[in-house]
Amino acid sequence: MNLEHLSRKQVEVFVDRRNMRSRWNVFLALPLFMALLSSRLFCEQGPSAVGIFEGHQDVGNVLHAGSTEYDAAHHTYALAGSGENMWFKADAFQFAWKKVSGDVSLTATIDFIGKGVNEHRKAVLMIRQSLDADSAYADVAMHGSGLTSLQYRDAKGETTHEIQSSVSGPKTARIEKHGEYVFMSIAGEGEELHMAGGSTRVPLEGTYYVGIGVCSHDKDIVEKAVFSNVDIIVAPAAASAATKLYSTLEYIAIASTDRRVVYVAPGRFEAPNWTLDGARLLFNRDGRIERIPVTGGTPVTMDTGFATRCNNDHGISPDSKWLAISDQSQEDHRSLVYIVPLEGGTPRRITQKSPSYWHGWSPDGKTLAFVGERNGDFDIYTIPAAGGEETRLTTAKGLDDGPEYSPDGTYIYFNSERTGHMQIWRMKADGSEQEQVTADDDNNWFPHISPDGRWMVFLTYDKSVAGHPENKDVVLRLMSLGDRQTTVLAKLFGGQGTINVPSWSPDSKRLAFVSYQFVP
């Protein structure tokens, strides 16, 4: 007879009738029957809650079962997790979760237990679409080595990527979702939480999961971590609140598309250049040019003399001796092109007419390419770096912008709206043989050619966006110039100031850019 559907009273009656000779047999039999009933009730009720979380379980394939234990006296969660990794196209880890919708933030202090076997064991704060191993997700992952990253898989079954923080081994972390964007904050011992820099779009629909997790990064072992001061705050999607703008200087490796934060600060800065020794990055902020080591640190303001209203059109000469700047501090406060020693000094004026915006050095350092507005038309011009007369290269109706020489000096790449919306074009260095390079429905801006001549990166806006405004959803795209195949490098919040000027590393392996975040 199947007893799983019976109540406790019915079980007792059944046992009593079958065992009239002794009530003792009922006492012995009841634990077995109640175990069956408990098992059935557990299945009906779902996973057991732990603290503020609705359930916990292993996600993906693990060889050793994980666990989650809640210490009510100390309000801590001890997670034990196995799993080969949380990377590529599938994850394996122990996860304590809560279902939410709208926007959310999750904060916790994290401590690993023991020395650990693999330095890449992970303790994470996670936002996840589903409990499938290949689900879309984003997490703040603290590694045993101290590396802390915003990891993400922006669609089910896609490959995981990361934005590495410049800070190693923080104690406390927070992951936040606002709209489709996810970003992280961190704090060391005794510090207040602060933006770690970088954000990414991870569209999560309807109800999703938020929680904490542990992965051993070794399928044969189990690692443990304790999460304390755990706090989840849920808010309606796109709730109105005061926000603060942050800018993040970062670079992306084109082989892996993984990103690393160099510098983050409140306010707006823009347009990085990479020095030719690969050691420093330049950017503009509040009218000045600043430089910072690629490894991070504190920016230093460069000496540009009277030029104190520099915009985001600047770049370093091929011999690394000069910096071309576009400044609007003089005369009628319209942008003019100047050259200043790279290590600082007095600017030398190059263009006599305004407005003029620098964009490219010829490989021999003798010629500058710039955009000028003359008689209401924006076109591309060249001018000797020593000074002299400007030469107009484009005459098509509509805006032409962003000229940059190919490394061999044969071509000037630029963006033009002559077809009705902005696309990438190129022409011979003398302005002849103008030809279209991209042809799609989006608006493509600011082509930058890698030093080895193999790649072109450019910035893409949605087709509905006019011009190159700030604070928009944009995409960094990479084209192989050999076969003109295009791939996505990164989806981010940016636009004006993200990659206005050349920002390739000298070895053609990385690209520097600025992303932006509005943080409540």
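Salt-bridge check for K156 with E205: failed, with every basic side-chain N at 4.0 Å or more from each acidic carboxylate O. Ion pairing between a basic and an acidic side chain is recognised when a charged N comes within 4.0 Å of a carboxylate O; R153 and D91 show such pairing. Taking 4.0 Å as the cut-off between side-chain N and carboxylate O, R268 and D286 do not count as a salt-bridged pair. Using a 4.0 Å cut-off between charged side-chain N and carboxylate O, K463 and D442 make no salt bridge.
Side chains of R288 and T301: a donor-acceptor N/O pair is absent below 3.5 angstrom, by distance only. Q517 and S515 form a side-chain donor-acceptor contact under 3.5 Å, judged by distance and modelled atom types alone.
Under the 30°/60° scheme for interplanar angles, the aromatic rings of W274 and Y251 are found to be tilted. Taking the six-membered ring for Trp and thresholds of 30 and 60 degrees, H143 and H120 have ring planes more than 60 degrees apart, a perpendicular arrangement.
Other residues, nucleotides and ligands contribute over 12 non-hydrogen atoms within 6.0 Å of the CG atom of D507.
Distance alone, capped at 3.5 Å, is enough to place a donor-acceptor pair between the K177 side chain and the G179 backbone. Judged purely by atom type and a 3.5 angstrom limit, T248 has no side-chain atom pairing as donor or acceptor with the backbone of G197.
The six-membered or imidazole ring of Y77 lies away from that of H56, with a centre-to-centre distance of 6.0 Å or more.
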